[in-house]
Visitor: 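Below is a structure I'd like to ask you about.
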Amino acid sequence: MISITEWQKIGVGVTGFGIFFILFGVLLYFDSVLLAFGNRHKLKGTSFFLGGVAIVLLRWPLLGMLLETYGFFNLFKGFFPVVFGFLGNSANIPFLSALFRRLEGTSSMV
């Protein structure tokens, strides 16, 4: 019979917890109510992004990547002002700091 040390028992337990939480996270991620609630106002960006993935899989990589890029920008357009604001405040380069502050005010968060 194989002897199992205490460290191996702890490793099996931690691995079991990790697998449980990964499966639970995937279950919550694919919950239809949560998906509909989270993406209802971002349907255009989601459809362009997933359509781009499908076009890439259908062997049209350039067109697919362009659609994915457009969908990505539509999905995260509300987050870009936050990123530009952070970069404008944290950058010590005067030109970039002024540019990021100007980009921060161009789009409104919805």
Side-chain angles (χ1 to χ4, degrees):
M1 178 167 244
I2 299 173
S3 63
I4 299 175
T5 65
E6 293 297 318
W7 287 107
Q8 290 173 333
K9 291 178 186 177
I10 292 171
V12 168
V14 170
T15 303
F17 275 118
I19 290 172
F20 168 74
F21 283 116
I22 285 175
L23 292 176
F24 188 64
V26 168
L27 176 73
L28 286 178
Y29 180 73
F30 288 114
D31 185 29
S32 62
V33 175
L34 292 175
L35 281 173
F37 182 70
N39 282 333
R40 186 172 299 158
H41 61 282
K42 297 182 179 184
L43 186 60
K44 182 179 175 184
T46 303
S47 60
F48 270 99
F49 186 79
L50 293 178
V53 170
I55 297 294
V56 166
L57 293 176
L58 291 173
R59 297 180 154 208
W60 289 82
L62 186 62
L63 178 64
M65 290 181 70
L66 288 173
L67 289 175
E68 287 177 8
T69 304
Y70 180 72
F72 176 80
F73 282 119
N74 271 336
L75 279 173
F76 296 107
K77 66 182 172 187
F79 185 65
F80 287 136
V82 175
V83 172
F84 289 142
F86 173 75
L87 290 174
N89 290 333
S90 64
N92 290 330
I93 303 170
F95 171 72
L96 289 179
S97 180
L99 176 69
F100 288 140
R101 284 194 193 121
R102 190 169 6 148
L103 288 174
E104 174 187 10
T106 58
S107 178
S108 63
M109 289 187 58
V110 176

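Positions are given from 1, in the same order as the sequence printed here.
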Visitor: Through direct or indirect side-chain contacts below 4.5 angstrom among Ile, Leu, Val, Met, Phe, Trp and Tyr, which residues connect to F17?
Guide: F20, F21

Visitor: Filter on salt bridge (charged side-chain N to carboxylate O under 4.0 Å, His left out), then keep only pairs touching residues 59-75, sequence neighbours left out; what's left?
Guide: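 Found none.
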
Visitor: Considering only residues two or more places apart or on different chains, which pairs with a residue in residues 4-27 satisfy salt bridge (charged side-chain N to carboxylate O under 4.0 Å, His left out)?
Guide: E6-K9

Visitor: Among residues at least two apart in sequence or on other chains, which ones pass side chain to side chain contact (heavy atoms under 4.5 Å, CB included) with S3?
Guide: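 S3 satisfies side chain to side chain contact (heavy atoms under 4.5 Å, CB included) with no residue once adjacent residues are dropped.
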
Visitor: Any chance you could pull the hydrophobic cluster mates of L23, using side-chain heavy atoms under 4.5 angstrom and chaining through other members?
Guide: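 So far as hydrophobic clustering goes, L23 is joined with I19.
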
Visitor: Please check this pair: side chain of S47 against backbone of K44, looking for a donor-acceptor N/O pair closer than 3.5 Å.
Guide: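 The answer is yes, because a donor-acceptor pair under 3.5 Å joins these two groups.
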
Visitor: Apart from W60 itself, what residues make up its hydrophobic cluster when side-chain heavy atoms of I, L, V, M, F, W and Y under 4.5 Å apart count as a link, directly or indirectly?
Guide: F48, I55, L63, L67, Y70

Visitor: Decide whether L57 and F49 are clustered together by the hydrophobic rule: side chain heavy atoms of Ile, Leu, Val, Met, Phe, Trp, Tyr closer than 4.5 Å, transitively.
Guide: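 L57 clusters together with F49.
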
Visitor: If Ile, Leu, Val, Met, Phe, Trp and Tyr residues are connected whenever their side-chain heavy atoms lie under 4.5 Å apart, and connections chain through other members, are F73 and F79 in the same group?
Guide: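 Yes, because F73 and F79 connect within a single hydrophobic cluster, where side-chain heavy atoms sit under 4.5 Å apart.
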
Visitor: Is the gap between the ring centers of F72 and F76 under 6.0 Å?
Guide: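 Centroid separation for F72 and F76: below 6.0 Å.
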
Visitor: Rounded to the nearest 0.5 Å, what separation is found between the CG atom of N74 and the CG atom of L43?
Guide: 11.0 Å

